[in-house]
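It should be emphasised that the depicted structure is a prediction, and the values quoted were computed from it without experimental measurement.
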Amino acid sequence: MEDNVALCQSLGLKFIELNMNFPEYQVEWLEQTEYLIGLAEKAGIYYTIHLDENLNIADFNRLVSGAYLETVRRSVEVLKKLLPLRDRYGDPAQPLTLNMHMHHGIYITLPDMKVQMYDRDFDTYLKSFRSFREWCERWIGNSGIRIVVENTDGFRRYEEKAIEMLLESPCFGLTWDIGHSKTTGEKDVPFILEHQDRLLHFHIHDGSENPAKNHLALGDGEIDLAERLRLAESLNARCVLETKTIEALKKSVQWLEKDNYKNDLRTYRYIKGCRPF
């Protein structure tokens with residue numbers, strides 16, 4: 001953690017997105033908020049959180065889904081304690097985000113097709129997300145925290161319906177991962193742009209469609225990065241530089257700083273809290 005904070009500060013970045021896929025960033029560790037706040041105040045940064053990608057709100061096993069709900073509840077409580085850092089070192093107009101993926105669930109392979117169980121039992125699936133929305137509204141209240149749903153390898157139709165139901169609540173928004181979007185042939189773009197007024201968060205990295213490559217340093221792929229950044233700026237959305245190595249992160253910052261990007265884009269200095277390699 002100290003290395004990530006030092007790297008963030010050295011590059012002039014504004015925040016770290018703490019990724020709960022890593023064992024060192026589990027919720028019981030994140031609840032050490034005094035330690036996190038102390039590190040952040042020395043560096044002049046703040047934090048967002050990325051929930052575990054295995055988070056499965058609609059799991060048919062209520063013991064499992066209950067554990068994931070409790071994880072979200074405790075993560076929201078952590079963010080409430082970290083909100084003053086955003087107000088001091090970030091933009092108070094930008095909600096503090098808790099990023100989540102949509103779990104596709106399991107599928108059954110038939111002789112001529114694959115059946116997604118959440119599609120087959122859609123009413124049960126949607127009921128779980130409706131309950132999730134209600135719980136999140138209670139936990140978040142008017143705190144300025146938002147749960148943002150990220151695109152990954154293409155939303156299923158049943159997921160789009162669940163997301164639209166979540167977006168009926170002001171406690172939810174969207175994350176656009178522009179690299180994931182590129183590697184899947186931009187299949188999620190129509191859905192994302194249809195709801196662009198709810199875009200609060202971007203994961204920014206370069207990528208290519210053929211061959212499919214993700215998490216490249218900015219300038220090393222095929223994405224029209226300037227166009228995506230202009231959209232993020234117009235929405236006052238927070239941006240994460242989601243590279244996986246220190247070298248790629250430094251190269252991405254250099255790409256943003258050239259050609260006067262730093263003068264044109266408020267969104268140009270951000271970092272994802274991935275562990276340095």
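A single hydrophobic cluster is seen to contain both Phe191 and Leu193, as judged by linkage of ILVMFWY side chains at heavy-atom distances under 4.5 Å, directly or through other members. Follow the hydrophobic side-chain contacts under 4.5 Å out from Leu225 and you reach Val253 in the same cluster. Residues Leu110 and Ile106 fall within the same hydrophobic cluster, defined by Ile, Leu, Val, Met, Phe, Trp and Tyr side chains chained together at heavy-atom separations under 4.5 Å. Criterion: ILVMFWY side-chain heavy atoms under 4.5 Å apart, direct or through other members. Under it, Val148 and Phe129 are not part of a common hydrophobic cluster. Connection of Leu200 to Val149 is not established within any shared hydrophobic cluster, with ILVMFWY side chains joined at heavy-atom distances below 4.5 Å, either directly or through further cluster members.
Rounding to the nearest 0.5 angstrom, the gap separating the OG1 atom in Thr71 from the CD atom in Glu28 is 9.0 Å. Met1 contributes atom CE, which lies 7.0 Å from atom OH of Tyr35 (distance to the nearest 0.5 angstrom). Distance NE2/His103 to OG/Ser65: 12.0 Å, rounded to 0.5 Å. Within the model, atoms CD of Glu77 and CH2 of Trp139 stand 9.5 Å from one another, a figure rounded to the nearest 0.5 Å. Note that NZ of Lys182 and CG of Leu216 are 11.5 Å apart. Values are rounded to the nearest 0.5 Å. The distance from the CG atom of Asn19 to the OH atom of Tyr25 is 9.0 Å, given to the nearest 0.5 Å.
The local environment of CH2 in Trp135 is sparse, with at most 12 non-hydrogen atoms from other residues, nucleotides or ligands closer than 6.0 Å. When the shell of 6.0 Å around NZ of Lys250 is examined, it contains 12 or fewer heavy atoms from other residues, nucleotides or ligands. In the displayed structure, Asp197 atom CG is contacted under 6.0 Å by more than 12 heavy atoms of other residues, nucleotides or ligands. In this structure, Glu247 places its CD atom where only 12 or fewer heavy-atom neighbours from other residues, nucleotides or ligands lie under 6.0 Å away. Annotation: Glu34, atom CD; neighbour count of heavy atoms from other residues, nucleotides and ligands within 6.0 Å does not exceed 12.
For the pair His215 and Thr243, the minimum side-chain heavy-atom distance is 4.5 Å or more. No side-chain heavy atom of Leu36 sits under 4.5 Å from any side-chain heavy atom of Leu85. Residues Phe202 and Leu231 have side chains in contact (heavy-atom distance under 4.5 Å, counting atoms from C-beta outward). In this structure, the side chains of Met20 and Leu55 stay at 4.5 Å or more apart for every pair of heavy atoms. Side-chain contact between Val76 and Cys136 is absent, with no heavy atoms from C-beta onward closer than 4.5 Å. The closest side-chain heavy-atom distance from Leu30 to Leu82 is not below 4.5 Å. Proximity of Thr97 to Thr175: side-chain heavy atoms (C-beta onward) are nowhere separated by under 4.5 Å. With contacts defined as side-chain heavy-atom distances shorter than 4.5 Å, the pair Trp176/Val189 qualifies.
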Next item on the list: Before giving the answer on side-chain contact (heavy atoms from CB on, under 4.5 Å), spell out for Glu209 and Glu186 the whole-Å C-alpha distance, their side-chain angles and the decisive distance to 0.1 Å.
Entry: CA-CA 9 Å; Glu209 184 176 348; Glu186 309 287 16; 5.6 Å; no
Next item on the list: Report the C-alpha separation of Thr48 and Glu17 in whole Å, then their side-chain angles, then the decisive distance to 0.1 Å, and conclude whether the side chain to side chain donor-acceptor pair (under 3.5 Å) test is met.
Entry: CA-CA 5 Å; Thr48 63; Glu17 185 157 287; 2.9 Å; yes
Next item on the list: Show the numbers, then the answer: is there a side-chain contact (heavy atoms from CB on, under 4.5 Å) between Ile140 and Leu98?
Entry: CA-CA 11 Å; Ile140 291 172; Leu98 190 63; over 6 Å; no
Margin query: I'd like to know whether Leu241 forms a side-chain contact (heavy atoms from CB on, under 4.5 Å) with Leu256, so could you lay out the CA-CA distance, the side-chain angles of the two residues, the decisive distance to 0.1 Å, and finally the verdict.
Written below: CA-CA 10 Å; Leu241 284 180; Leu256 288 167; 4.0 Å; yes
Note to self: Test side-chain contact (heavy atoms from CB on, under 4.5 Å) on Leu174 and Leu167; report intermediate values, then the result.
What the structure shows: CA-CA 8 Å; Leu174 293 175; Leu167 293 178; 4.2 Å; yes
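For Ser128 against Arg62, the heavy-atom pair with the smallest separation is OG-NH2, 3.4 Å. Nearest heavy atoms, Tyr89 versus Lys14: O-CD, 4.3 Å. Annotation for Trp255 and Ala226: closest pair CH2-N, 4.4 Å, computed over non-hydrogen atoms. Pairing each heavy atom of His205 with each of Gly179, the nearest pair is CE1-CA, 3.3 Å. Heavy-atom minimum distance, Asn236 versus Ala93: ND2-CB, 3.9 Å. Nearest heavy atoms, Pro170 versus Arg146: O-NE, 2.6 Å.
Tyr158 pairs in a side chain to side chain donor-acceptor pair (under 3.5 Å) with only one of the listed residues (Arg120, Gln116, His104), which is Gln116. Just one residue in the list Leu79, Leu96, Leu18 forms a side chain to side chain contact (heavy atoms under 4.5 Å, CB included) with Tyr47, and that residue is Leu18. Of the residues listed (Thr183, Asp177, Thr184), the one engaging His180 in a side chain to side chain donor-acceptor pair (under 3.5 Å) is Asp177, and it is the only one.
With hydrogens and angles disregarded, a donor-acceptor distance shorter than 3.5 Å links the side chain of Tyr68 to the backbone of Asn54. Between the side chain of Ser169 and the main chain of Leu166, no donor-acceptor pair closer than 3.5 Å is present. With Arg88 contributing its side chain and Tyr46 its backbone, the two residues share no donor-acceptor pair below 3.5 Å. Remark: side-chain polar atoms of Gln196 are not paired, donor with acceptor, to backbone N or O of Ile192 under 3.5 angstrom. Between the side chain of Asp87 and the main chain of Pro92, no donor-acceptor pair closer than 3.5 Å is present. Side chain of Ser252 to main chain of Ala248: a donor-acceptor pair is present (N/O by atom type, distance under 3.5 Å, no hydrogens or angles). No donor-acceptor distance shorter than 3.5 angstrom exists from the side chain of Glu137 to the backbone of Cys171, with no hydrogens or angles considered.
Using a cutoff of 4.0 Å between basic side-chain nitrogens and carboxylate oxygens, Lys213 and Asp220 are not scored as salt-bridged. The pair Arg73-Glu70 counts as a salt bridge, with a side-chain nitrogen and a carboxylate oxygen less than 4.0 angstrom apart. Between Glu160 and Arg157 there is a salt bridge, since a side-chain N of the basic residue sits under 4.0 Å from a carboxylate O of the acidic one.
Using a 30° and 60° split on the angle between ring planes, His203 and His50 fall in the parallel class, below 30°.
By the 6.0 Å and 45° rule, Arg156 does not stack over the aromatic ring of Tyr118.
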